[in-house]
Amino acid sequence: MADATQAAGLPELLAARPALSMHARDGLCFEGVPLNAIADAHGTPVWVYGAGSIRARYAALTTALEAQKLNVHVHYAVKANDHLAVLNIFRHLGAGADVVSLGEFLRTQRAGIAAADVVYSGVGKAPVELAEALGAGIGQINVESAEELEMISAIAGRMGCTAKVVLRMNPDVDAGTHEKITTGLAGNKFGIAAQDIPALYARAASLPGVEPVGIALHIGSQILSPAPYAEAYAKAAAMVRALRTAGLAVSVLDLGGGLGIGYGDEPGMPLAAFAATVRREVGALGVRLLLEPGRYLVGPAGMLLSSVILEKQAGDKRFIVLDAAMNDLMRPALYEAWHGILPLGAAQLQNPVSPADIVGPVCETADCFAKDRPMPPMAPGARVAILDAGAYGAVMSSSYNARPRAAAVLVDGGHFHLITPRQSIAQLWEDEAVPA
Ligand SMILES: *Cc1c(COP(=O)(O)O)cnc(C)c1O
């Protein structure tokens with residue numbers, strides 16, 4: 001990750017996050033609520049999400065798009081954070097959803113998001129998943145291959161319904177992000193090669209059970225510059241024109257997600273520049289525009305609170321061992337992701353710092369949240385907030401090492417609400433059976 005991120009010290013991390021504030025007595029507060037009060041009430045590790053932050057980020061995005069006179073419908077990418085309480089906020093904001101499994105689709109239904117406002121993406125949708133989503137009236141299916149198109153046609157045909165489909169084009173654009181989260185390069189498993197789209201679109205128009213309505217693309221995640229979008233959207237616009245020239249009707253362009261956030265003290269995707277790019281490349285096509293952001297909307301709106309179990313010195317190396325681990329927040333182990341980590345105590349922010357590795361108790365070397373991070377002395381029981389963990393955090397957690405799932409709390413309007421109780425240890429095996 002960028003050097004700017006690595007260099008961000010504790011005061012810079014705090015200053016870059018307006019929803020956080022440090023109070024002499026209460027310590028670190030999030031949306032006005034002392035995080036220590038949440039940890040006192042519900043223990044650690046605990047996820048904390050801020051409803052106000054989610055709403056503010058949604059408003060910033062839609063305002064930037066509206067300023068370009070763009071009517072873009074936001075379909076929140078559920079995989080970033082699928083909690084019903086989070087989906088409920090998006091429903092109230094009027095957002096649709098983007099899902100990648102039947103489970104995610106049924107979560108949106110449970111949260112009250114209209115099926116017609118849901119887009120189903122993903123490279124492998126099983127026939128039972130497709131049938132159930134079609135039966136519930138899902139609004140759009142993003143098709144990732146010729147084989148899948150035939151499958152959807154057969155299933156919808158049997159069910160006597162018509163699936164609105166868009167073809168996901170692989171624009172062969174390098175999003176300039178981590179190789180494990182780039183999706184729009186030829187050679188990735190995602191999407192359909194551009195040269196195959198026109199014939200497949202025509203085929204879709206002739207098949208029963210499907211109605212091709214447009215093109216989709218999604219080039220990757222944690223993208224910090226509008227440049228790769230400009231390149232990809234120009235290719236999408238050219239494709240829309242080519243399809244129309246061939247006499248095919250195109251009414252939808254799904255722009256995907258991937259807007260990046262600042263994990264250090266650097267800014268995330270510049271929204272005004274992004275919106276200007278959308279307007280310039282695809283604003284005049286006369287299509288319904290969809291956007292599928294996940295991380296941008298919820299990443300900075302969440303954090304993982306954890307307590308220090310102990311500090312240990314091994315040779316000249318200093319380790320801070322937390323009660324949170326890679327089974328809770330997997331991103332550092334999976335992507336070498338950088339997360340800011342702030343102590344909850346006001347005094348700790350004044351104390352001199354020295355480099356420490358901040359690790360969890362899981363028996364894997366990869367169970368490390370930060371390497372050589374300047375941190376003040378942290379006594380057993382002292383607490384930290386692992387920042388920007390609202391996206392791809394709890395959704396990726398597991399119970400590895402027989403560690404129960406952490407609790408989750410939603411802060412809203414100066415109050416906090418338990419939205420997932422901590423899993424008990426006995427719940428870990430309550431569904432297991434031992435044959436006689
Ligand atoms: C993951 C994904 C998204 C959301 O990506 P973010 O980087 O979280 O914005 C959107 N669309 C598709 C198809 C995805 O797979």
Side-chain angles (χ1 to χ4, degrees), residues 54 57-58 60-62 65 72-83 86-87 90 95-101 103-105 107-108 117-125 133 138-145 148 165-171 173 175-185 188-192 214-226 228-229 232-233 236 252-263 268-269 271 274 278 289-302 330-331 334-335 337 388-396:
I54 294 175
R57 299 189 68 79
Y58 185 86
L61 178 59
T62 52
L65 293 163
V72 181
H73 200 232
V74 173
H75 287 251
Y76 167 65
V78 171
K79 74 175 188 281
N81 185 327
D82 65 8
H83 202 290
V86 170
L87 298 182
F90 285 110
D98 170 66
V99 302
V100 295
S101 70
E104 284 189 358
F105 174 64
R107 276 185 172 275
T108 65
D117 275 340
V118 181
V119 172
Y120 195 162
S121 305
V123 71
K125 311 173 192 78
I138 192 158
Q140 175 182 313
I141 301 178
N142 290 5
V143 175
E144 301 230 6
S145 63
E148 186 179 61
V165 297
V166 314
L167 301 189
R168 175 164 172 185
M169 170 172 121
N170 184 330
V173 164
T177 183
H178 191 283
E179 59 173 308
K180 285 190 185 165
I181 51 175
T182 190
T183 57
L185 267 178
N188 287 139
K189 68 177 176 181
F190 299 100
I192 300 160
I215 295 294
L217 69 175
H218 171 71
I219 58 175
S221 199
Q222 185 53 13
I223 300 166
L224 291 169
S225 147
Y229 286 109
Y233 293 169
V252 171
L253 179 57
D254 182 337
L255 301 167
L259 285 75
I261 63 173
Y263 280 97
M269 172 64 74
L271 290 180
F274 173 78
V278 173
L289 295 172
L290 271 53
L291 193 64
E292 304 169 345
R295 184 193 314 267
Y296 192 87
L297 297 173
V298 294
M330 199 186 181
R331 297 187 66 257
L334 187 61
Y335 309 122
D388 308 308
Y392 307 106
V395 283
M396 282 191 183

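Start at 1 and go down the list; that is how both ligands and their atoms are numbered. Keep in mind it's a predicted model, so treat the numbers as computed, not measured.
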Asks: Sequence neighbours left out, what passes side chain to side chain contact (heavy atoms under 4.5 Å, CB included) with V72? Give chain and number order.
Replies: L65, L70, L289, L291
Asks: Taking all non-hydrogen atoms of both residues into account, name the closest pair between K125 and Y120 and its distance.
Replies: CE-O, 3.3 Å
Asks: For H73, which residues count as a side chain to side chain contact (heavy atoms under 4.5 Å, CB included) partner, sequence neighbours excluded?
Replies: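 Here the qualifying residues are H75, D117, R288.
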Asks: Name all residues meeting the side chain to side chain contact (heavy atoms under 4.5 Å, CB included) criterion together with A391; count only those two or more places apart in sequence or in a different chain, and write none if there are none.
Replies: A80, R295, V298
Asks: Name the residues with a heavy atom less than 4.0 Å from ligand 1?
Replies: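 Within 4.0 Å of ligand 1, protein side: A77, K79, D98, S121, R168, H218, S221, G257, G258, E292, P293, G294, R295, Y392.
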Asks: So Y233 and F274, would you call those rings parallel, tilted or perpendicular, with 30° and 60° as cut-offs?
Replies: perpendicular
Asks: Under a 3.5 Å threshold, yes or no: a donor from one side chain and an acceptor from the other, between N142 and E144?
Replies: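 There is no such pair (donor and acceptor under 3.5 Å, judged by atom type) between the side chains of N142 and E144.
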